[in-house]
Amino acid sequence: MKANTWHSPSALTDCLALVLLCAGLWECGLGWAQLTGLAHSLHRLYPATGSFYNPGPYCGFLAMLLPVALHYVARRREGLAHWFGLIYLIPALALMPVLMGRTGWVAGAVGCFITLSCAGKIPRLSRRSVVVIAVLGVCTLAFLVYLKPASALGRLLMWFNGASAALEHPLTGVGWDYVAGALGNAQEAYFHSHPGSVFESVSGAPEYAFNEYLQIAIAFGLPAMLLFAGLLLWAGVSAWRGRSGGVAGGVAVFAIVCFSSYPLQFPEFIASAGALVIAGVLAGSKSWRPVSIMVCVAVAVVAVMAARGRSHRLSAEGDWVRQRHICASGLDDRSIARLDSMSATWSHSAKFLFDYGKALREAGLFVRSNEILQRGVRVSSDPMFLNLIGRNYQSLGVYDEAERYFLRSIDRLPGRIYPRYLLALLYADPGVADRKHFDEAYGRVAAMQPKVMSPAIKEMRSELEAIRDSLDQLRDSRD
């Protein structure tokens, strides 16, 4: 790099790329420390997660910087940038297979191909070569699906429900904090209309859409999603035209990871992707153009605000976990007043709303409990909110509403036994005393095959069996 080019857009692109590689080296070091036992993983089920709490996004983050490193290794044979790239490539490539991040693998391969193509390292392909590559690509995707078929099927369900949720408010969206609630409602509507669907066995309570384009569409509307996709396209094309293949490949990796993961849920991913997009926009400019400057400033502001907001949310979740003992020790007027004052801070925390609503129920404040739990339904897809609301209505003697919420919970997650158990108890309640519906609900509970048999399931079945026997005895005594 020549001395008189330090103030050019391309020079700033190189600086941003080197900063990103420094962040990547830190993540690599942390991952290897976790893998060798020198540091603790942030998820007990996985040996390495970096600063993330799941290896999937972590693998995507490492993959996003592979093309950046490869660019400097392929185009420069000496200098600081070359060694930075080489030092990053080796540990990152060695670590990624351990993480089992299929999206990261595919995205990294595509990004590196783009980088090498931009650098002129890949010769012009013949038709036969294109066909061979296409066949290999299809076979690779099939193998990746084979590795985790249930996960692939679950993604399809979430994408379908995400599209349905996005179309509910196509222009304005529901807000970032309410995406999970919208996904829960969409899943509930789907299973209500498609009982016995093949997706029942892979359904869960999704926190994210596992597709950031859909996530943005649900949160802010379809125009925002198109703006986001257009910005990534602009950054990638601009970097390609500016012969910055590493940035072009990195933007492509980020775009692919956004399609099948949830990178925007992590502050470090948001900040790094923002810097990469800025580098892409600048890479195609030989001089400082007003449009490029305004776009870069806008991206920087949005990225900083989004990363800060997400960091605050994660910090608040951790703070509540440390203070949830307030609910566990039982509620009185003083603790209720304290929790009400705290609700502004944790108004979008599903954990806080569930703990508080449950504690209010245990204190016998059923109406107030339902007010809090209804707020939880808006921010979470977890059917346990619906179960507690139904139980509160049953305690209040409002049996029709109790039945409605138990049925909603069953529709939302058909594979769960617990809401069917609650529904059977409702039909056995003296205030309802519906023997026909009780027998139907009991039969479904007895027939369901759980993925893992637990003492709780055995206890629920035994309790319902005892209730059935007592109802039979009561009927026989009357006869």
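- When side chains are defined from C-beta on, P419 counts as touching R416, because their heavy atoms get closer than 4.5 Å.
- Contacts of D434 classified as salt bridge (charged side-chain N to carboxylate O under 4.0 Å, His left out), with partners at least two apart in sequence or in another chain: none.
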(message) Determine whether L422 and Q394 satisfy the following criterion, side-chain contact (heavy atoms from CB on, under 4.5 Å), listing intermediate values before the conclusion.
(response) CA-CA 10 Å; L422 293 177; Q394 184 175 352; 6.0 Å; no
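- The distance from atom CZ of R444 to atom CE of M448, rounded to the nearest 0.5 Å, is 10.5 Å.
- Residues D382 and R412 are not paired through a salt bridge, judged by the lack of any N-O separation under 4.0 Å between the basic side chain and the carboxylate.
- Qualifying side chain to side chain contact (heavy atoms under 4.5 Å, CB included) partners for T49, counting only residues two or more places apart in sequence or in other chains: Q34, S41, L42, H43, Y46, P55.
- I270 places none of its side-chain heavy atoms less than 4.5 Å from the side chain of Q265.
- Side-chain polar atoms of S260 and R155 form a donor-acceptor pair below 3.5 angstrom.
- The ring-ring contact (aromatic ring centres under 6.0 Å, His included) contacts involving residues 356-381 comprise F352-Y356, where partners must be two or more places apart or lie in separate chains.
- A donor-acceptor contact shorter than 3.5 Å links the side chain of T13 to the backbone of A279.
- Panel note: side chain R420, backbone V445; no donor-acceptor pair is recorded below 3.5 Å.
- Taking CG from N392 and CG from N387, the interatomic distance works out to 11.0 Å, rounded to the nearest 0.5 Å.
- The minimum heavy-atom distance linking N161 with A186 is given by the pair O-CB, 3.4 Å.
- Side chains of R361 and S395: a donor on one and an acceptor on the other come within 3.5 Å.
- No donor-acceptor pair closer than 3.5 Å links the side chain of S311 to the backbone N or O of A307.
- Here the straight-line distance linking atom CG of L222 with atom CG of L214 works out to 9.5 Å at 0.5 Å rounding.
- With Y178 as the aromatic partner, R378 meets the cation-pi criteria of under 6.0 angstrom to the ring centre and within 45 degrees of the ring axis.
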(request) Please lay out, stage by stage, how D400 and R404 fare under the test salt bridge (charged side-chain N to carboxylate O under 4.0 Å, His left out). (result) CA-CA 6 Å; D400 289 343; R404 184 169 75 87; over 6 Å; no
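- The distance from atom OG of S369 to atom CG of L353, rounded to the nearest 0.5 Å, is 11.0 Å.
- Closest non-hydrogen pair, V68 versus A17, comes out as CG1-CB, 3.7 Å.
- Here F354 contributes atom CZ and M384 contributes atom CE; the two are 4.5 Å apart, rounded to the nearest 0.5 Å.
- Listed here is the closest heavy atom pair of V179 and A219: CG2-CB, 3.7 Å.
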(message) With side chain to side chain donor-acceptor pair (under 3.5 Å) as the criterion, how do Y421 and E463 come out once you've worked through the C-alpha distance, each side chain's angles and the decisive distance to 0.1 Å?
(response) CA-CA 9 Å; Y421 158 79; E463 183 180 352; 2.5 Å; yes
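- Surrounding CG of D333 are at most 12 heavy atoms belonging to other residues, nucleotides or ligands under 6.0 Å away.
- A donor-acceptor pair is defined here as one N or O able to donate and one able to accept, closer than 3.5 Å; no such pair exists between the side chain of S315 and the backbone of H312.
- Using a 4.5 Å heavy-atom cutoff, the side chains of M158 and N211 are not in contact.
- Of all the heavy atoms in L62 and C28, the pair that sits closest is CD2-SG, 3.9 Å.
- With respect to D355 and K351, no salt bridge is recorded, no charged nitrogen being found less than 4.0 Å from a carboxylate O.
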(request) May I have the step-by-step check of side-chain contact (heavy atoms from CB on, under 4.5 Å) for F438 and I467, ending in yes or no? (result) CA-CA 10 Å; F438 170 80; I467 292 174; 3.8 Å; yes
(message) Run the side-chain contact (heavy atoms from CB on, under 4.5 Å) test on I457 and Y418 for me, step by step, so that the C-alpha distance in whole Å, both residues' side-chain angles and the decisive distance to 0.1 Å come before the verdict.
(response) CA-CA 8 Å; I457 293 175; Y418 184 62; over 6 Å; no
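- To the nearest 0.5 Å, atoms CE (M64) and SG (C59) are separated by 12.0 Å.
- Residues E403 and Y427 bring a donor and an acceptor atom of their side chains to less than 3.5 Å of each other.
- The two residues S381 and P206 make their nearest non-hydrogen contact at OG-O, 2.7 Å.
- Looking at S341, its side chain does come within 3.5 Å of a backbone N or O of R338 through a donor-acceptor pair.
- Proximity of a side-chain donor or acceptor of W176 to a complementary backbone N or O of I218 within less than 3.5 Å is not detected.
- Among pairs with a residue in residues 394-415, those fulfilling ring-ring contact (aromatic ring centres under 6.0 Å, His included) read Y393-Y405, at least two apart in sequence or across chains.
- Put simply, the side chain of Y88 reaches to within 4.5 Å of the side chain of L65, judged on heavy atoms.
- The only member of P383, S203, S409 that meets side chain to side chain contact (heavy atoms under 4.5 Å, CB included) when paired with P414 is S203.
- No side-chain heavy atom of T103 sits less than 4.5 Å from a side-chain heavy atom of F259.
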(message) Could you walk me through whether E212 and M225 satisfy the side-chain contact (heavy atoms from CB on, under 4.5 Å) test, starting with their C-alpha distance in whole Å, then the side-chain angles of each, then the deciding distance to 0.1 Å, before giving a yes or no?
(response) CA-CA 9 Å; E212 295 294 16; M225 181 200 74; over 6 Å; no
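- The shortest distance between side-chain heavy atoms of S261 and F210 does not fall below 4.5 Å.
- Under a 3.5 Å cut-off, the side chain of E268 and the backbone N or O of F61 do not form any donor-acceptor pair.
- Side chains of S51 and E27: a donor-acceptor N/O pair is present below 3.5 angstrom, by distance only.
- The backbone N or O of A255 lies less than 3.5 Å from a partner atom in the side chain of Y213, making a donor-acceptor pair.
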(message) Run the side chain to side chain donor-acceptor pair (under 3.5 Å) test on Y190 and S164 for me, step by step, so that the C-alpha distance in whole Å, both residues' side-chain angles and the decisive distance to 0.1 Å come before the verdict.
(response) CA-CA 9 Å; Y190 172 79; S164 299; over 6 Å; no
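- Every residue two or more places apart in sequence or in another chain that forms a side chain to side chain contact (heavy atoms under 4.5 Å, CB included) with D332 is listed here: R334, S335.
- The closest side-chain heavy-atom distance from I410 to F191 is not below 4.5 Å.
- When atom types are taken as modelled, the side chain of E200 and the backbone of G196 share a donor-acceptor pair closer than 3.5 angstrom.
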(request) Please step through ring pair (Phe, Tyr, Trp, His ring centres under 6.0 Å) for the pair Y53 and F266, ending with a clear verdict. (result) CA-CA 9 Å; Y53 55 77; F266 302 93; 5.0 Å; yes
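- Across S238 and V281, no two heavy atoms sit closer than the pair OG-O, 3.2 Å.
- Contact annotation: the side chain of W32 approaches that of L35 to within less than 4.5 Å [non-hydrogen atoms, C-beta and beyond].
- Considering only residues two or more places apart in sequence or on other chains, R408 meets the salt bridge (charged side-chain N to carboxylate O under 4.0 Å, His left out) condition with E188.
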